[in-house]
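As structure tokens, the structure follows; a few thoughts come after it.
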Amino acid sequence: MYISMKKHILSNSIMLVAVIRILAAASEGSVRFFMKKSSSISPDMIDSYLWNTQIIVSVLQILITVTIFFLAWKKLNHYMTLIPESDQKEIGELQKEYLGNNIASLSVSSISRLLQLWAVIFVGAELIYDFTSVMYRQFISMLMDALSTGTGLSDGTFVMLYNMTHGFKYLEILSAILLGVVMTGIFLNDKFLKIFSLIILLLFLLAFGVFRMQTVYLMGREIGIVWTSIIYHVTETLGLILLSFYLANRYKGL
């Protein structure tokens, strides 16, 4: 069974999540920019106020994401229940025969599976990301303690270790998002989505293993740029928006 090709439940859900992530990133960035001390050498996550803000924003983001996918699932389920389950396969065959190219790219059951997959990725991976962030913050705190007690850990060594280990914080959630893109590509038999995911992964691994932290000065503040963080945040915001547009414009009823 297929829904109307004009209804884009999955792509719209991904778009809404991307918008929420952009708003969350903008909120955290604004708080960091205005509250971070310009002379502080410690990472933002060590600041208790900034850390609590990040956790609150993350919890709100998860709750809104759950709501988005729950409403999307209810809407899709409504369309599915209009036809008895025993007749859905037969109706789908009739739709293929009589509608031809004017039919959705995937059946309603396939869209339902992809909707569940993306819900698990966005919610489950975000929960794991929050847990790993807590553990990573503890690790950085111990490094800061070693630096402050003068045990031989220089500022340069700390920056190097911070940059080298920062990628672990994003590796899991980025992999989950790319897995969702690949699985969507498999459902749609879309080579572009698979290749695009591989390119993003290779860029992340390259930044993880080769690129060093860069320092820029903005309005009297010294800001350290970690490239693994940049790649992840671009992927989870702009990347998801582009994915949503791509699915909505290239495929029908998705």
Side-chain angles (χ1 to χ4, degrees), residues 7-36 44-45 47 49-78 111-134 136-137 166 169-185 193 196-197 200-201 204 226 228-251 253-254:
K7 299 184 183 301
H8 299 279
I9 297 177
L10 177 62
S11 57
N12 285 345
S13 298
I14 294 175
M15 171 65 77
L16 288 174
V17 171
V19 171
I20 295 302
R21 287 175 177 266
I22 289 174
L23 293 176
S27 299
E28 290 184 29
S30 298
V31 172
R32 289 184 181 185
F33 184 80
F34 290 108
M35 298 301 298
K36 174 74 174 179
D44 292 342
M45 68 174 67
D47 187 295
Y49 182 82
L50 297 178
W51 173 253
N52 291 333
T53 300
Q54 177 183 329
I55 294 299
I56 292 173
V57 170
S58 181
V59 171
L60 291 175
Q61 181 176 297
I62 290 173
L63 292 176
I64 295 173
T65 301
V66 170
T67 302
I68 289 172
F69 276 91
F70 176 72
L71 294 177
W73 175 81
K74 281 193 66 176
K75 186 176 182 180
L76 187 64
N77 191 58
H78 168 71
I111 295 175
S112 177
R113 294 187 186 98
L114 282 176
L115 201 63
Q116 294 174 58
L117 173 67
W118 278 106
V120 170
I121 287 174
F122 285 135
V123 177
E126 186 69 26
L127 289 171
I128 298 175
Y129 169 74
D130 288 341
F131 173 76
T132 54
S133 295
V134 171
Y136 185 64
R137 184 173 187 262
H166 206 69
K169 179 181 176 183
Y170 300 111
L171 182 59
E172 172 271 331
I173 189 168
L174 180 68
S175 299
I177 292 175
L178 293 180
L179 176 62
V181 176
V182 170
M183 291 301 297
T184 303
L193 292 179
F196 180 76
S197 300
I200 296 298
L201 179 60
F204 182 84
V226 181
T228 51
S229 177
I230 296 296
I231 293 174
Y232 162 68
H233 286 298
V234 170
T235 301
E236 72 155 351
T237 53
L238 179 61
L240 289 178
I241 286 181
L242 293 177
L243 173 64
S244 175
F245 275 119
Y246 178 79
L247 294 176
N249 288 282
R250 183 175 176 82
Y251 296 101
L254 200 62

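In this chain, numbering begins with 1 at the start of the sequence shown.
Contact of the Y170 side chain with the I231 side chain is not registered, since no non-hydrogen atoms from C-beta on lie closer than 4.5 Å. Looking only at side-chain heavy atoms (C-beta outward), Y246 and L193 come within less than 4.5 Å of each other. Within the 4.5 Å cutoff, no side-chain heavy atoms of T228 are placed close to those of L171. Inter-residue side-chain proximity for I200 and V181 is flagged as unmet; no heavy-atom pair is nearer than 4.5 Å.
Contact detail for I177 and W118: the closest heavy-atom pair is O-CH2, 3.6 Å. The shortest non-hydrogen separation linking I241 to A18 is CG1-CB, 3.5 Å. For L247 against S11, the heavy-atom pair with the smallest separation is CB-CB, 4.1 Å. Of all heavy-atom pairs spanning I14 and S244, the tightest one is CG2-CB, 4.3 Å. The minimum heavy-atom distance linking E126 with I173 is given by the pair OE1-CD1, 3.5 Å. Residues L115 and S13 approach most closely at CD1-OG, 4.1 Å, considering heavy atoms.
Considering CD1 of I20 and CD of E236, their distance stands at 12.0 Å, rounded to 0.5 Å. Distance CZ/F70 to CG/N77: 9.5 Å, rounded to 0.5 Å. Atom CG of L179 is separated from atom OG1 of T184 by 9.0 Å, given to the nearest 0.5 angstrom. Atom CG of L243 is separated from atom OG1 of T235 by 11.0 Å, given to the nearest 0.5 angstrom. In this structure, L76 CG and L114 CG are separated by 10.5 Å, a value rounded to the nearest 0.5 Å. Of the inter-residue distances, the one linking L117 atom CG with I121 atom CD1 reads 4.0 Å to the nearest 0.5 angstrom.
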>> Working note: Y251 + H8, criterion ring-ring contact (aromatic ring centres under 6.0 Å, His included); need CA distance, chi angles, decisive distance, verdict.
In response: CA-CA 9 Å; Y251 296 101; H8 299 279; over 10 Å; no

> Passes side chain to side chain donor-acceptor pair (under 3.5 Å), Q54 versus S58? Steps please.
Replying inline: CA-CA 6 Å; Q54 177 183 329; S58 181; over 6 Å; no

>> Evaluate F69 against T65 for side chain to side chain contact (heavy atoms under 4.5 Å, CB included), listing each step before the verdict.
In response: CA-CA 6 Å; F69 276 91; T65 301; 3.9 Å; yes

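Partner R21 forms a side chain to side chain contact (heavy atoms under 4.5 Å, CB included) with one of T237, I64, L16 and no other, that one being T237.
In this structure, F196 places its CZ atom where only 12 or fewer heavy-atom neighbours from other residues, nucleotides or ligands lie under 6.0 Å away.
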